Amino acid sequence: MPESKLKSRIQLPWNSLGLVAVLIVLIIFFGTMSEYFFSAVTFRTLVNQIPALTVIAVGMTFVLLIAGIDLSVGSVMALCAAVMGILVIDHQAPIAVALIGALLMGLACGTANGFVSAKWRIPSFVVTLGMLEIARGGAYLVTNSETKYLGDSVGFIGSPIAGLGVSAALIAAILVVIIAQWVLSKTLFGRYMIAIGTNEEAVRLSGVNPLFWKVLVFALAGLLAGLGGIFQLSYLQSADPNSGIGLELAAIAAVVIGGTSLSGGRGSVVNSFLGVLIIAVMQAGLAQLGVSEPSKRIITGMVIIAAVLFDQFREPLGRFFQRK
Amino acid sequence: MPESKLKSRIQLPWNSLGLVAVLIVLIIFFGTMSEYFFSAVTFRTLVNQIPALTVIAVGMTFVLLIAGIDLSVGSVMALCAAVMGILVIDHQAPIAVALIGALLMGLACGTANGFVSAKWRIPSFVVTLGMLEIARGGAYLVTNSETKYLGDSVGFIGSPIAGLGVSAALIAAILVVIIAQWVLSKTLFGRYMIAIGTNEEAVRLSGVNPLFWKVLVFALAGLLAGLGGIFQLSYLQSADPNSGIGLELAAIAAVVIGGTSLSGGRGSVVNSFLGVLIIAVMQAGLAQLGVSEPSKRIITGMVIIAAVLFDQFREPLGRFFQRK
Amino acid sequence: GSEKEAEDESSTPKSQPVRVALIMKSLANEYFINMMEGAKAHQLENAEKYELIVNGTKNESDLAQQVSLVEQMMAAQVDILVLAPVNSKGMLPVVKRAIDQGIVVVNIDNRFDQDLLQQMGMSVPFVGPADRAGAKLVGQEVAKYLKAGDEVAIIGGLPGAYNAQQRQAGFEDAMAESGLNIISIQSADWESAKSATVAAAMLSEKPNLKALLCSNDSMALGAVAAVRQAGRTGDVLVVGFDNLSAANDLVQSGELLATIDQHGDELAVYGIEYALQILHSGIIPENIITPVDLIVAK
Amino acid sequence: MLLRIKKLNKSFVVPVLKNLDFELHEGEVHALLGSNGAGKSTLCNIISGIHTADSGSFEYCGLPYTPNSLQAAEALGICMVMQELNLFPTLSVAENLYFRSMSDRFGIVQHQAIQRRAKKALQTVGLNYIDPAQPLSQLGVGQQQLVEIASVLQRPIRLLILDEPTSALTGPQIDLLFEQIIQLKKQGIGVIYISHRMDEISRIADRVSILRDGELVATKAVADISTDRMVQLMAGDESTSIDMKESIDQSHLPNNSILLKVENLTRRTKNQSGGDSGFENISFNLNAGEVLGIGGLIGSGRTELLRAIFGADQAHKGCIRLASDGFKTRRIMKSPADAISHGIGMLVEDRKSQGLLLSHSVSKNISFAILDSLNKKLGVVDQSAEQDLAESMSKKLSIQCDSMQQPISLLSGGNQQKALLARWLAIDFSILLLDEPSRGVDARAKNQIQALIRELAAMGKAILIVSSETQELLKVSDRIAVMSNGRLAGIFKTTELSEEKLLEASFCFYSSEDNQSKLANARI
Ligand SMILES: Nc1ncnc2c1ncn2[C@@H]1O[C@H](COP(=O)(O)OP(=O)(O)OP(=O)(O)O)[C@@H](O)[C@H]1O
Ligand SMILES: Nc1ncnc2c1ncn2[C@@H]1O[C@H](COP(=O)(O)OP(=O)(O)OP(=O)(O)O)[C@@H](O)[C@H]1O
Ligand SMILES: [Mg+2]
Ligand SMILES: [Mg+2]
């Protein structure tokens, strides 16, 4: 059983049918329940909210692929946004400089995560848990625990482009998804990630040093958390040192709903994106229904489980469509 | 390198030297930094705070041992406390009945976690993340989002026993640690847990049904979360539906600091307890110093990483002591 | 009995300065940072009078952590405890123990549950703003721009949090008074990103929505972002609470209609001065309800 | 002289290699012989830079050489096929073949190109019927072994180390491999060859070095030494003589009480590349006291058949019936636990991924399947009984290890195999399924195991054995069922069967072109 399951997972690695079906079911459900859900505005609003989570989920996908985990993404995102915020507000830095500052901050945190965990063989769970605290402390430190209001200066990234309806951030995030999926399936780096996640020892015995690639993956995750911070900042037009608390769980949830294995070696960036969409649609839908907080929590929990359960049927579904 | 590392980890599986050293270093550090830290009162206060986290960490150790994860412990704890609270307050149930109610609630949540994840092969991360939401919603629902004050009726469990200084809860928690360590190292169940975490397929092919044992482990983790809820309730003398937010990370951190592997098959309950103590001492020490929040966060993060890094030296340390 | 003990202690001559512990809900929130800084400045001016230890919980709902902080302060043998409780009921047992140990306790910011306090036979002086009154004030400001029957929605804090409930009640008071129609109340756990999601959904679900009343400024920032994204700035009014500097900027730019300043920086100072007064004189003064100010565009 | 090693010492906890001298010429195949745990793999791991020696001097191509990393060794043309598989199941066959050289300068994987090259590479090891785009996990163990060999053969080699390359291969593939080795010899490449199949040594090796307990006992030209003598030297026991044919008692005849009926058992799965795998319509009876061998080429479905009988995979059609209820119930075993409760045990093929609890001690590995009967009270494991069991088993199968508490991951491959076999011998079974029981086991122990199998049969147990070593099958089986392309080509009395006939039957259900290419391969 498990073996044959494994088998077909691999045969159809980017099979997203099950997830798309879950998404459609959710949309239809909310569409019938709520009067205004099924409208262009709803979807435009919804997709403009997801760029930050999307790029962070991409980084998380890579980290999970190599059998690591990154708990620090939420804090690092907040730290990067904070750095950008103070660069713009307190130091009057040009936007470009501030952007680079935020990205570098993310890269630095990620590299530290990767280096400490890979070099000294400390579980990435512990290292990134430490970084979660450190980066959050850093965010409080640089902002002096104040929310920084930046205003329109950075808004152009996160606001809908006139005539298009979607923001530059969303377009960038989708580009990141596409590139990351391409990297994963077409490049050496992608293959090495999968190999490290399946059998790190065999990678070493093949004469490839996993250290470098592992650090690279964590560095990338940090960089993408920085990018997420920029998106978040431009969306809210303010840098809040308390933002992104608990984001790591949301990101991992999206990735795992997308079928990426927590034990490494198997995953897809596109599916993680579908996972993000599922979570976003669910949140938006529940908010539109305006159900009470307890019910909202209970429904959220059930949908998360049901989505993955449903996705188990991707095989029969896949076979059904292939036969046609 | 990795193999020889593996080796000595296994040869000295319950080697707690490194952790004890970390603990001592922390205590000495805070003792010199803060005038009042080094007092019987501090330690009595400190240990009376940990029963809930301790029993939850025990359950988590078991779950991690079989290569699972349980994110729902914090919410389940809150739900169980809430159930006990309303049983006592709103239904005037006798304490014994309320206690049983809370434990059964925990058992039910845990069994559901285990059954859904093991039977339908859904990653436990997803299932317990779903349960995290569901149980939190349940806690809001039963308490109507209000804190229930119970007062002295349940306080006897969590209050220091006169003359002894420690609470019944602490004694019970330590008993749980001892029993769990005994179960882990001496019984069939312990063997099966470690084996499932090492190579589940091999276990299955040896004619042992992993399903049963996996469900049992999650059920136990739920039961212990319920017990944790009782301890927490009696310590706070009130049932707060918002309690235990983020507790899952604290519990996993304690367990992982204790050297239990997130990928299963290796761990020790006693070391998890030491992990709990390290976290508790650090929090108490930082509170007594009254350092600023950013510094507190940054120090916490660094200590978590440093503890595990330091613990890497348990081998040389162990060899050093063995030679004597 | 507890007051007597406090008296006894104060009458014994002391070589050491008085030790004051200020325990707040969170040290990661501008409001409490202001409070802390006010207290620290005050301590610098009165360095010969007392020492100050400041602690806060990690998040604004962590009862267990705050209880343990209080216990640690008891272990560290402070003389005065100035407390902004995360939970108006749950903190009482430990406060009782602190008082029994002879510590002078002053409640600031978030008021203890009065019934329970009475039931437990304690009286703890309170210094703080009236959340409910403040929320009513900002609600009345909204009402000025709307007419009876208009639809409004509330974005609330963490369910079960006392001040979340108080602020919501204040909003409801004001709305009832002016005949406005609350069509939705949802929680966003005090967070801006969550608030943006909730606000965006409300905006598309309720096309006639005229105002969003947010229980704190972080959530107001999220709501403003959602309104802006939906292109309905000016059409939908947003108000917040706490007067964060970022919110203040938004008020001045007009995107946020109003917020409430609770003068957090003075709160802790009042609390400490009160406590010192009790410690030295043994007289328990009246509760003080500190003023709240409505902040609108200049 | 390609490689010269002098006074090599290496110890892990105890000394493993002691003052070892070793030489390898260009164009020479130098076989390493030694019983399990003698230190063969350790020597090879040192040469290829995986482990570092404690002391000793190395000379490679006339220059001093300090092997300190795998990469450094490979840069010098020293390549090794390790004893255990080191592959990536989720990557495709082609990606596994060209793991480090699959991309162009910009790091972009050249899927088309490597798949084209992979086709050729697979041909050299007789896997022309495998689609290189297929995930590796869809291959059987033997096929994976060949992929690993092919991958090493693609690199620029000067010194090739083959550590038990044939332990999962059948006749034709071995022939093909030897053909490759002969090609390499012609190019002046030196080969270190490790195998426990004595017949291979005389076929392919020029010289042989025999190791015993980490010491070199002898280095001789193969022509100058008999197989018996080699085995004696390995064992260090002058009196031992291994007579491959007659050491087995086949005098008793199985009584005709049937224990197991397999009826039309079928499990067919289509893989992505359109190929079938599995088996169909397999029927046979298994008698008490009988050893039924299953022969066939690699990938012919033998392992899958065993797994389905044992309930490790579910059969799609057909059933098995057991004597215990008078063959009344049509069963498909739901799980291994189900099978075990009906008295069926199975030794798995891939010990590393499916059998061993690698980080656990030897005794815990041995006792695992009967742990529930070792419990005293309250589910407490009776550790002294466990220890006794492990020790008696270890004596019976001569498992070589420092102590029963040693992690099994530190044992040599052959000893791990014996420990797994011990796990099954410890339980109370009436039917035992053995998949490659002597894989990686040294000649003497192999003999012991074979004798043990006959002993079990004599006790009235029924045994089903899959082995890629034809001689082993012919030696222990009463009857041999031959599988070909997932179907049963026939069941033969061993006495009426020759190696040629067995091979012929193995090919009978492959399509004609398949058949031709395979036969062609086989006859090289
Ligand atoms: N990493 C290690 N740590 C400790 N002991 C080891 C280690 N690797 C091997 N050994 C021990 O070294 C000895 C030689 O092992 P080796 O694998 O070289 O044997 P081998 O001759 O290849 O046997 P086989 O024929 O069974 O493969 C064995 O006793 C084994 O237990
Ligand atoms: N897990 C699997 N998924 C898909 N196909 C498989 C799997 N395992 C084996 N196969 C295929 O099934 C066929 C039969 O394999 P099986 O392992 O039963 O053969 P075998 O005769 O035991 O040979 P081997 O020596 O390779 O083990 C082969 O074609 C193989 O590619
Ligand atoms: Mg070997
Ligand atoms: Mg096989």
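In what follows, every chain begins at residue 1, and chains take the letters A, B, ... in the order their sequences are listed. FYI, side chains are in, hydrogens and waters are out, and symmetry mates aren't considered; it's all heavy atoms of this structure. The model shown is predicted, which means the values in this text are computed figures rather than measured ones.
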- Task: Please state whether the side chain, the backbone, both or neither of C/V67 comes within less than 4.5 Å of a heavy atom of chain B.
- Result: both
- Message: Could you tell me if the side chain of B/I230 sits less than 4.5 Å from the side chain of B/I157, heavy atoms only?
- Response: yes
- Message: Donor-acceptor pair, distance only, cut-off 3.5 Å: does the side chain of C/S187 make one with the backbone of C/G157?
- Response: yes
- In terms of heavy-atom pairs under 4.5 Å with chain B, the winner among C/M74, C/Q165, C/K89 is C/K89
- Strictly by modelled atom types, are B/T45 and B/T42 linked by a side-chain donor-acceptor pair under 3.5 Å? no
- Query: Would a 4.5 Å heavy-atom cut-off, applied to side chains only, mark C/I108 and C/Y270 as touching?
  - Reply: no
- Message: Please classify the contact of B/S145 with chain C as side chain, backbone, both or neither, using a heavy-atom distance under 4.5 Å.
- Response: both
- Query: Given a strict heavy-atom distance threshold of 4.5 Å, which part of B/Q288 is in contact with chain C: side chain, backbone, both, or neither?
  - Reply: both
- Message: With no hydrogens and no angle check, just 3.5 Å: does a side-chain donor-acceptor pair link B/Y140 and B/E146?
- Response: no
- Side chain, backbone, both or neither: which part of B/L150 has a heavy atom under 4.5 Å from chain C? neither
- With a 4.5 Å heavy-atom cut-off (strictly below), which parts of residues 239-252 of chain B touch chain C? List them by number. B/D240, B/N242, B/I245
- chain B contact via C/Q65 - side chain, backbone, both or neither, heavy atoms under 4.5 Å: neither
- Task: Could you tell me which portion of B/F43 (side chain, backbone, both or neither) has an atom closer than 4.5 angstrom to a non-hydrogen atom of chain C?
- Result: neither
- Message: Heavy atom to heavy atom, less than 4.5 Å: which residues from residues 290-305 of chain B reach chain C?
- Response: B/G290, B/V291, B/E293, B/K296, B/R297
- Pair count under 4.5 Å, heavy atoms only, with chain B: among C/G90, C/S68, C/A21, highest is C/S68
- Do B/I171 and B/I161 have side-chain heavy atoms sitting under 4.5 Å apart? yes
- Message: Within the structure provided, determine whether C/M91 and B/L236 are in side-chain contact (heavy-atom separation under 4.5 Å).
- Response: no
- Query: What residues, two or more places apart in sequence or in another chain, satisfy side chain to side chain donor-acceptor pair (under 3.5 Å) together with C/N87?
  - Reply: B/T147
- Is there a side-chain contact between C/I154 and C/E172, using heavy atoms and a 4.5 Å cut-off? yes
- Query: What residue in C/M120, C/R97, C/Q119 has the most heavy-atom pairs under 4.5 Å with chain B?
  - Reply: C/M120
- Between the side chains of C/Y31 and C/D109, is a donor N or O closer than 3.5 angstrom to an acceptor N or O? yes
- Is the ring centre of C/Y274 less than 6.0 Å from the ring centre of C/F126? no
- The single option from B/T128, B/L79, B/L223 passing side chain to side chain contact (heavy atoms under 4.5 Å, CB included) against B/C109: B/L79
- Query: Do C/L117 and C/V124 touch side chain to side chain, with heavy atoms closer than 4.5 Å?
  - Reply: yes
- Mind checking which of residues 34-51 of chain C sit less than 4.5 Å from chain B, heavy atom to heavy atom? none
- Are C/K194 and C/D189 close enough for a salt bridge, meaning some N to O gap below 4.0 Å? yes
- 4.5 Å side-chain heavy-atom contact, C/K96 and C/L92: no
- Message: Are the side chains of C/L81 and C/V104 in contact, using a 4.5 Å heavy-atom criterion?
- Response: no
